[in-house]
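Read the structure below first, then the notes.
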Number of protein chains: 2
Amino acid sequence: MHGEIPPGEALTLRGIGKAYDVSMTPAREAVRRLVAEGALFLSSSGRVSTPALSNERIEELATLRALLEPELASRALPRAHFALIERLETINQGVSQVIARHDATGYIRMNLEFHRTLYLRAQAPAMLAMAETVWLQLGPTMRALYGRLNRTEPPYHHKLILSALKAGDEPGLRLAVRADATQGLRMLKG
Amino acid sequence: MHGEIPPGEALTLRGIGKAYDVSMTPAREAVRRLVAEGALFLSSSGRVSTPALSNERIEELATLRALLEPELASRALPRAHFALIERLETINQGVSQVIARHDATGYIRMNLEFHRTLYLRAQAPAMLAMAETVWLQLGPTMRALYGRLNRTEPPYHHKLILSALKAGDEPGLRLAVRADATQGLRMLKG
DNA sequence: CGGCGTTGTTTGTGATCACAAACAACGGAT
DNA sequence: ATCCGTTGTTTGTGATCACAAACAACGCCG
């Protein structure tokens, strides 16, 4: 999810087991779970690797983010008190710091934490789980995409999200979240 | 997914293995996968059962259907040729037959086949997979809900969907699909 | 020099086992 | 009669093993 593994990298059950100091059995169960969520790709011969997503698949996942996340944000809005907005602003400052460090994994992690912190207030666990499944599938790809993006500034849409939250502007919040979710997509064509 | 197992029913790895004539190992893997998709519930002690969904959770899953399925239908619309509509009408007749037979499982199966047949045309595998995950989570509950519903007629919204498809009416299609997806929800309050 | 078969190794699969935790049934004490 | 402790059974977990398929490297032949 955090882009620690590049797309298309092969994994072995024995290797995973060794990395976590367990036998093949727990490694297999974890892999099967991640395959079920689409986070790992299982070839017809049973080998597992991180998915190397096609452009069509990436667009589809971006569409899913654009469908799910505005709904989550909208549901979180009535419950977003000042303490939450303050936490979001703190996280957003952290995003600026990892950008300065050119830390791709850190950037992805902080960005997702920003979104998750907001969506947790939506009190919609099934919907949040779906959104996280999408993030999981996009993880390796986001890391690869981050390389093309030479970010120097913190994400613009996060500021829009914060002001919409403060203003209680539901349509504006939906728009800002949607834009932020699909923002990374633009790099595909280039 | 088809409601063959009522909500809250306990399953054992050895029992599943015996039912499919395999050892515990493949049964465990299958169970872990289904747990990851939310189709089965894993208690803190490791026992597995079909989920007994709260009303809030059911409403959430219905919302997810209402978000995902109109989008799938909309994407399928431009590719929906006459042969597809004909197939959908055939399936819909099958729905009428299982209703006459008071066959809950058959009804759910046919109903989902109707939707899946349409959505397959959307060429959006990730989105369809998400919709099917929702169906999977709702399976046992839908069976329980079917008991309260004394259907004598084929689903009204399916006809609306078919006419919207024939007319190429995209907004009407979205509305009809959304209504059909959330229709079963109304029985909750009663 | 390149294509292809062969061989040795890696890898996933399914079965089995020992173990500990959880559960259920029973019995005794209050 | 009810509560609680005890005991026997059920159940999930993780490890290990045998096996077959897949892969990769090498060498042979054209």
Less than 3.5 Å apart, any donor N or O on the side chain of [X] or [Y] sitting next to an acceptor on the other?
X      : Y      : result
A:T50  : A:R143 : no
A:H115 : A:E69  : yes
A:E170 : A:S74  : yes

Polar-atom pairs under 3.5 Å, protein N or O versus N or O of nucleotides 6-9 of chain D: list them with distances, or write none.
none

Mind listing the N/O atom pairs, protein and nucleotides 10-12 of chain C, below 3.5 Å?
from   : atom 1 : to    : atom 2 : distance (Å)
C:dG12 : OP1    : A:L13 : N      : 3.3
C:dG12 : OP2    : A:L13 : N      : 2.9
C:dG12 : N7     : A:R14 : NH1    : 2.9
C:dG12 : O6     : A:R14 : NH2    : 3.4

Rounded to the nearest angstrom, tell me the gap between atom [atom1] in [X] and atom [atom2] in [N].
X     : N      : atom1 : atom2 : result
B:K18 : C:dA15 : NZ    : P     : 13 Å
B:E29 : C:dA15 : CD    : P     : 10 Å
A:I16 : D:dA15 : CD1   : P     : 14 Å

Flag the pair [X] and [Y] as a salt bridge only when some basic side-chain nitrogen lies within less than 4.0 angstrom of an acidic carboxylate oxygen.
X      : Y      : result
A:K166 : A:E89  : yes
B:E113 : B:R109 : no
A:E37  : A:R33  : yes

Between A:S43 and A:P26, which has a closest nucleotide on DNA chain D that is more 5'?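 Nearest-nucleotide comparison on DNA chain D picks A:P26.
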Should B:T25 be listed as having a side-chain N or O under 4.0 Å from OP1 or OP2 of C:dG14?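 B:T25 to C:dG14 OP1/OP2: no side-chain N or O under 4.0 Å.
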Of all the heavy-atom pairs spanning A:T182 and A:R178, show the shortest one and how long it is.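 Looking at all heavy atoms of both residues, the shortest contact is OG1-O, 2.9 Å.
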Taking side chain as C-beta onward, heavy atoms only, is A:V134 less than 4.5 Å from B:M130?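 Yes. Closest side-chain heavy atoms under 4.5 Å.
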